[in-house]
Amino acid sequence: MSNSSAPVNAANFIEDRVREDLAAGKNEGKVHTRFPPEPNGYLHIGHAKSICLNFGLAEKFKGLCNLRFDDTNPTKEDVEYVDSIQGDVRWLGFDWQERRFYASDYFSRLYEFAEQLIREGKAYVCDLSAQEIKTHRGTLTEPGTESPYRNRTPEENLDLFRRMRAGEFPDGSRVLRAKIDMASPNLNLRDPVLYRISHAEHHRTGKSWCIYPMYDYAHPLSDALEGITHSICTMEFEDHRPLYDWIIEAVKPGARPEQIEFARLNLSNTVMSKRKLRELVEQGYVEGWDDPRMPTLSGLRRRGYTPEAIRDFSDRIGVAKSNSMVDIAMLEHCIREDLNARAPRVMAVLKPLKVVLDNYPADKVEWLEAENNPQNPEMGSRQLPFSRVLYIEQDDFLENPPKKFFRLSPGQEVRLKHAYIIRCVAVLKDEARGEVKELHCTYDPETKSGAPASGRKVKGTLHWVSAEHAISAEVRLYDHLFLKENPDDVGEGEDFKANLNPNSLERLSSCRVEPGLAEAQPGSHFQFLRQGYFCLDVKDAGPGGLVFNRTVPLRDTWAKIKG
RNA sequence: UGGGGUGUCGCCAAGUGGUAAGGCACCAGACUUUGACUCUGGCACGCGUAGGUUCGAAUCCUGCCACCCCAGCCA
């Protein structure tokens with residue numbers, strides 16, 4: 001079991017707020033939240049923060065959390081996204097039970113509410129064009145001017161609104177607006193549009209509507225209709241809150257949900273906006289929404305991130321209102337901590353260097369016992385074949401080693417993990433290229449792991465595979481998608497793509513891994529000893545070959561020392 | 001120049017008048033058949049800034065500065 005679920009996150013201001021409401025006897029002691037994605041893209045780690053917050057709050061206060069698709073704009077939305085969003089939320093470990101809703105479930109009710117507003121003189125049909133509405137809105141510093149249609153009678157408005165709904169008018173010809181205050185310093189209150197005409201087919205309601213409600217109108221009412229007590233959203237909606245409250249106050253749907261805003265997640269070395277992620281996908285900078293380099297939940301999943309690690313991350317980063325950029329090292333810490341406890345250790349040589357043990361019998365094979373996870377003895381052990389010809393990592397040998405190099409070099413000894421101590425006696429080189437082709441070593445039979453004389457200390461321990469027994473695999477080494485912490489930090493005339501890391505993916509196709517990996521299940525996690533955590537790819541690993549994705553490398557003190 | 005927010009260690013983030021939690025990162029050491037893990041120690045005389053109130057201020061007051069959001073018939 002992962003230890004990441006143990007520490008409970010510190011309270012945040014939203015939790016405090018909920019507690020206050022409870023103490024004040026609001027909402028009959030109930031807590032009801034919702035996660036309201038628009039089905040127009042894939043979920044990313046920033047959404048995970050919101051999901052964990054909303055579902056987590058419900059869990060903590062024994063309340064409920066709904067999944068609600070905010071599908072009020074048919075031109076941008078699609079069922080493809082509805083499906084992936086549900087899969088991602090479930091994968092993260094949250095359950096909305098039977099409470100999956102759609103804003104489109106409420107189109108009829110929303111329409112009735114709109115007629116009510118019209119009858120009460122709180123909304124009117126406006127014939128101004130989009131461009132005219134814009135100019136009438138005024139500016140940040142100057143008040144707007146009232147629409148000439150603002151004082152139509154309720155009767156005329158009702159007639160026009162019904163005809164809008166009946167499809168008598170073309171897209172963009174009229175809108176329904178709230179009658180609030182064209183001089184408000186808050187632009188959201190300058191008679192905001194409530195309904196627009198769009199003869200578009202909706203992914204759920206088909207062609208039954210040709211007018212669609214705006215977010216500012218649909219959201220508070222959807223919340224009220226579902227009995228949401230705390231409607232949590234991101235900071236950019238803070239100055240929509242007066243409008244949210246206005247709608248609730250004007251319509252009186254019977255419930256008074258309160259909107260609370262928090263700062264969205266920014267993660268270093270990646271981008272989070274749907275627009276930018278889409279650009280990376282559509283222009284081929286990555287191989288899809290689930291490319292392991294993407295911060296999407298589907299990408300992280302394929303990369304080998306676990307839901308536990310992502311939830312732990314959400315807890316650790318906290319919830320506040322200030323703009324912030326979380327170091328991606330925090331996320332990496334979380335996945336390392338989780339996988340350290342649960343991933344079986346395995347021998348995998350990424351860049352093989354042949355080693356021949358001159359004094360080891362040519363036909364001999366020993367099966368050596370290897371623990372699967374020193375952190376967790378219950379994971380047992382396995383047998384590893386050992387023979388005369390082995391592969392070690394190219395990086396683990398240096399002909400002219402610097403000080404503090406604890407690995408193999410001419411004349412020096414190292415321990416082979418779970419096996420013997422060996423000494424390098426000869427180096428075969430391709431003189432033309434200056435490359436080391438093959439090493440000849442001798443092994444010390446007295447030093448077999450577990451044997452009485454095995455206690456002898458040597459500086460380093462290497463991972464290895466038996467050449468005869470090892471199987472081939474492709475390994476994909478992933479690195480940060482962007483070189484800069486903030487990808488938007490660019491020079492004149494450049495955009496975020498200028499900061500793309502050209503080495504975010506390195507494919508190694510001649511890796512050799514221990515034979516037991518032939519049975520590995522797609523999606524399963526491993527620690528490649530001394531290298532990192534890897535995950536058998538679910539898409540590209542077929543019967544023909546193994547493909548591993550590097551989730552995250554192990555921390556590497558040596559890399560720091562050598563610079 | 002309007003309105004709304006936010007400023008506490010390199011990065012997150014507690015703190016709500018009684019003398020700066022914690023995590024990540026980093027540094028040093030111990031342990032180690034993973035240069036991993038783990039463990040130990042270090043890491044803000046200071047809370048955007050300048051004043052003020054107070055026995056006492058990150059917390060209260062005033063001024064200033066910086067950054068973010070808002071002029072979609074997007075969400």
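A note on names: the letters A, B, ... follow the listed sequences, proteins ahead of strands, and every chain is numbered from 1. Note that these values count all heavy atoms, side chains included, but never hydrogens, waters or copies made by symmetry. Quick caveat, the model's predicted, so the values are computed rather than measured.
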Within the structure, does a side-chain N or O atom of [X] lie under 4.0 Å from either OP1 or OP2 of [N]?
| X | N | value |
| --- | --- | --- |
| A:Arg196 | B:A75 | yes |
| A:Arg345 | B:C37 | no |
| A:Lys457 | B:U33 | yes |
| A:Arg555 | B:C37 | yes |
| A:Thr72 | B:A75 | yes |
| A:Thr75 | B:C74 | no |

From NE2 of A:His333 across to P of B:C26 the rounded distance in Å is 12 Å
Nearest-Å distance for atom pair CG/C1', residues A:Leu529 and B:U33: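 After rounding, the gap between these two atoms is 10 Å.
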- Task: May I ask you to decide whether A:Arg241 forms a salt bridge with A:Glu258, counting only side-chain N to carboxylate O separations under 4.0 Å?
- Result: no
Hey, are A:Glu38 and A:Asn40 close enough side-chain-wise for a donor-acceptor pair under 3.5 Å?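 Note: A:Asn40 and A:Glu38 side chains meet the donor-acceptor criterion.
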query = Can you tell me if A:Glu332 and A:His480 form a side-chain donor-acceptor pair at under 3.5 Å?
reply =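 Per modelled atom types, A:Glu332 and A:His480 side chains form a pair under 3.5 Å.
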Using the six-membered base ring of B:A75, report whether A:Tyr215 stacks on it, requiring centroids under 5.5 Å and planes under 30° apart. no
Is there a donor and acceptor pair, one atom on the side chain of A:Ser449 and one on the base of B:U33, closer than 3.5 Å? yes
Relative to its sugar, using the 90° cut-off around 0, the base of B:G41 is anti
Pair assignment for [N], Watson-Crick or G-U wobble, requiring both distances under 3.5 Å:
| N | answer |
| --- | --- |
| B:C43 | none |
| B:C64 | B:G48 |
| B:U32 | none |

- So which one's nearest nucleotide on RNA chain B is more toward 5', A:Lys417 or A:Glu238?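 Nearest-nucleotide comparison on RNA chain B picks A:Glu238.
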field: 5' precedence on RNA chain B between A:Lys448 and A:Pro37 (nearest-nucleotide basis)
entry: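 The 5'-side residue here is A:Lys448.
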- Query: With distance as the sole test, does A:Glu132 use its side chain to make a donor-acceptor pair with the main-chain N or O of A:Ser129 at under 3.5 Å?
  - Reply: yes
| Do A:Glu413 side-chain atoms and A:Ile422 backbone N/O form a donor-acceptor pair below 3.5 Å? | no
* If you check every side-chain atom of A:Asn340, which of B:C26, B:G23, B:C37 has the closest atom? ->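 Nearest listed nucleotide: B:C37.
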